[in-house]
Amino acid sequence: MAAAVAASQAALFKSPFQSLDSCDEQKSVKFRSTFHGSRRISKAARWSRHLLAGQQHRISCSVNAPSPAQAPPLPKGAECYGVFCVIYDLKEEEKPKSWKKKLVRVAVSGAAGTISNHLLFKIASGEVFGPDQPVALNLLGSERSKEALEGVAMELEDSLYPLLREVIIGIDPYEVFRDAEWALLIGAKPRGPGMERADLLDINGQIFAAQGKALNEVASSNVKVVVVGNPCNTNALICMKNAPRIPNKNFHALTRLDENRAKCQLALKAGVFYDNVSNVTIWGNHSTTQVPDFLNAKINGRPVKEVITDHKWLEEQFTPTVQTRGGVLIKKWGRSSAASTAVSIVDAMKSLVQPTPPGDWFSSGVYAAGNPYGIDGDLVFSLPCRSKGDGDYEIVPGLHIDKYLYERIKKSEDELIAERKCVAHLIGEENGFCDLPGGDTMLPGEQ
Ligand SMILES: NC(=O)C1=CN([C@@H]2O[C@H](COP(=O)(O)OP(=O)(O)OC[C@H]3O[C@@H](n4cnc5c(N)ncnc54)[C@H](OP(=O)(O)O)[C@@H]3O)[C@@H](O)[C@H]2O)C=CC1
Ligand SMILES: O=C([O-])CC(=O)C(=O)O
């Protein structure tokens, strides 16, 4: 028995894509084809699971396995993780017929961080792309988080998600972003005590400039990029400017959490279930200057101002409550929103892959070029958007902007223009200088 195990180990640790010697007994082992059935783990695969956990080996079986030429290549240098290096072949008739044939490849930075710890499991479960869409997760960490990243991959292994067909971990964005169709950029340095906003813009801006360059070089040319790491609007602008091959439209800064927070407050005040609140726009920056729009929002299809007649509350309490919600939560929790942020990332992605309900819209920080509201087009600015569900979107025109909204939207625009000047050196512009309004503008989590 011991000899058999040793022989089997020796075979499994052969160099990538060499055939196993003892393939006759392991007909159901197959590696990394693009379509796989649900997990039914053969004896050989169980062995592989133990032997390969934490290793970076790819092996193939000469029986039933794709030849190296047929097998899709792994992103160069990135590492498939443990059980995800091994795919269990099923007989044709056992494969779930309903599954889509092509994987969706999602790259996530800051993958060992708190938000990702919620998000990855939602994506793997099918919550974003549906119960028929196999997914691959390419996880980006750093020297700091190498071990933690393996821990994340181990938890994904142990979760037995049938739709999760590949997990790749690595610390080089040029490897991890390869062929990504979605890039969720979450990793960013948190602002520490005494750190100026200008320093944060520069430090994180450098991360997003580097990641933009990597996406430009190796990601799918139509990759959808959702920037979460703060300050997310300007980080998204930097990322976009460093990725000229990717359409500007494909870059988003996450303001969906702010929209969800606004809906929650309106529902609470009106005494309705929050599903009845629609047409909520967050205008501007994901910062304390953001403008949650109650003027165009609706409750049960009626203008909010007709349903909530306490207009003083709308103007004087609702707006600051939403703007500072993140900071209040940090004081309670001792860390920033993570679970609700992950939920809002899922919402933001679903808004692009599912048609927007007729008459409604959603908020996203998008490149404002050609917007119908006269806002500086060279900013990533949160605007009302709608989608046909094809991954693309359009800015919704025709919303009413009164004096109250205009003044606040202008303030957020000025803040983003000032942020853009601070990062001129990262977006290929000259004569940058950092003079943020009020000396030092604040994230929702900073008060
Ligand atoms: N847009 C929005 O609505 C929201 C945005 N956020 C923002 O999302 C980001 C991530 O939040 P969260 O997951 O809770 O944060 P965590 O601190 O848990 O994780 C952040 C990750 O960022 C990475 N990172 C990159 N560069 C640095 C650096 N220089 N120093 C330290 N860590 C770095 C780290 O991963 P690694 O070592 O692998 O690089 C770390 O795991 C933050 O910027 C936060 O402000 C949070 C809530 C809402
Ligand atoms: O400032 C932070 O990290 C938290 C944040 O963005 C939010 O809660 O909206």
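Bear in mind the structure is a predicted one, so any value in this text is a computation, not a measurement. As the structure lists them, so they are numbered: ligands from 1, and atoms in each ligand from 1.
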Exercise. What about the rings of Trp283 and Phe381, do their centers lie closer together than 6.0 Å?
Worked result: no
Exercise. Mind checking whether Ala188 has an N or O less than 3.5 Å away from an N or O of ligand 1?
Worked result: yes
Seminar exercise, completed: shortest atom 2 (C) of ligand 2-to-protein heavy-atom contact is with Asn230 ND2, 3.5 Å
For this session: Indicate whether atom 2 (C) of ligand 1 is within a distance of less than 4.0 angstrom of some protein heavy atom.
Result: yes
For this session: Just jot down the ligand 1 atoms closer than 4.0 angstrom to any heavy atom of Cys232, in number order.
Result: 1 (N)
Exercise. Short list, please: which atoms of ligand 2 are under 4.0 Å from a heavy atom of Leu443?
Worked result: 1 (O)
Exercise. Among Leu254, Val228, Ile203, Ile186, which residue places a heavy atom closest to atom 9 (C) of ligand 1?
Worked result: Ile186
Exercise. If hydrogens are left out, which of Gln206, Arg256, Lys189, Arg261 has an atom nearest to atom 29 (N) of ligand 1, that is, the closest non-hydrogen atom?
Worked result: Lys189
Exercise. Heavy-atom contact under 4.0 Å between Ala338 and ligand 1?
Worked result: no
Exercise. Nearest heavy atom to atom 8 (O) of ligand 2: which of Arg261, Arg325, Arg335 does it belong to?
Worked result: Arg261
Problem set entry | Sub-3.5 Å N/O-N/O distance, Ser142 and ligand 1 | yes
For this session: Considering the heavy atoms of His286, write down every atom of ligand 2 situated less than 4.0 Å from one of them.
Result: 5 (C), 6 (O), 7 (C), 9 (O)
For this session: For Gln323 and ligand 2, answer yes if some heavy atom of the residue is under 4.0 Å from a ligand atom, otherwise no.
Result: no
Problem set entry | Protein contact to atom 6 (N) of ligand 1 [nearest heavy atom, distance to 0.1 Å] | Asn230 ND2, 3.5 Å
Seminar exercise, completed: Any heavy atom of Thr341 under 4.0 Å from ligand 2? The part involved is neither
Seminar exercise, completed: Quick note on ligand 2: atoms under 4.0 Å from a heavy atom of Gly326 include exactly 8 (O)
Exercise. Taking only heavy atoms of Ser337, which atoms of ligand 2 are found under 4.0 Å from at least one of them?
Worked result: 8 (O)
Seminar exercise, completed: The protein heavy atom nearest to atom 35 (O) of ligand 1 is Gly110 CA, 4.1 Å
Exercise. Does Lys249 reach the side chain of Tyr393, with side-chain heavy atoms less than 4.5 Å apart?
Worked result: yes
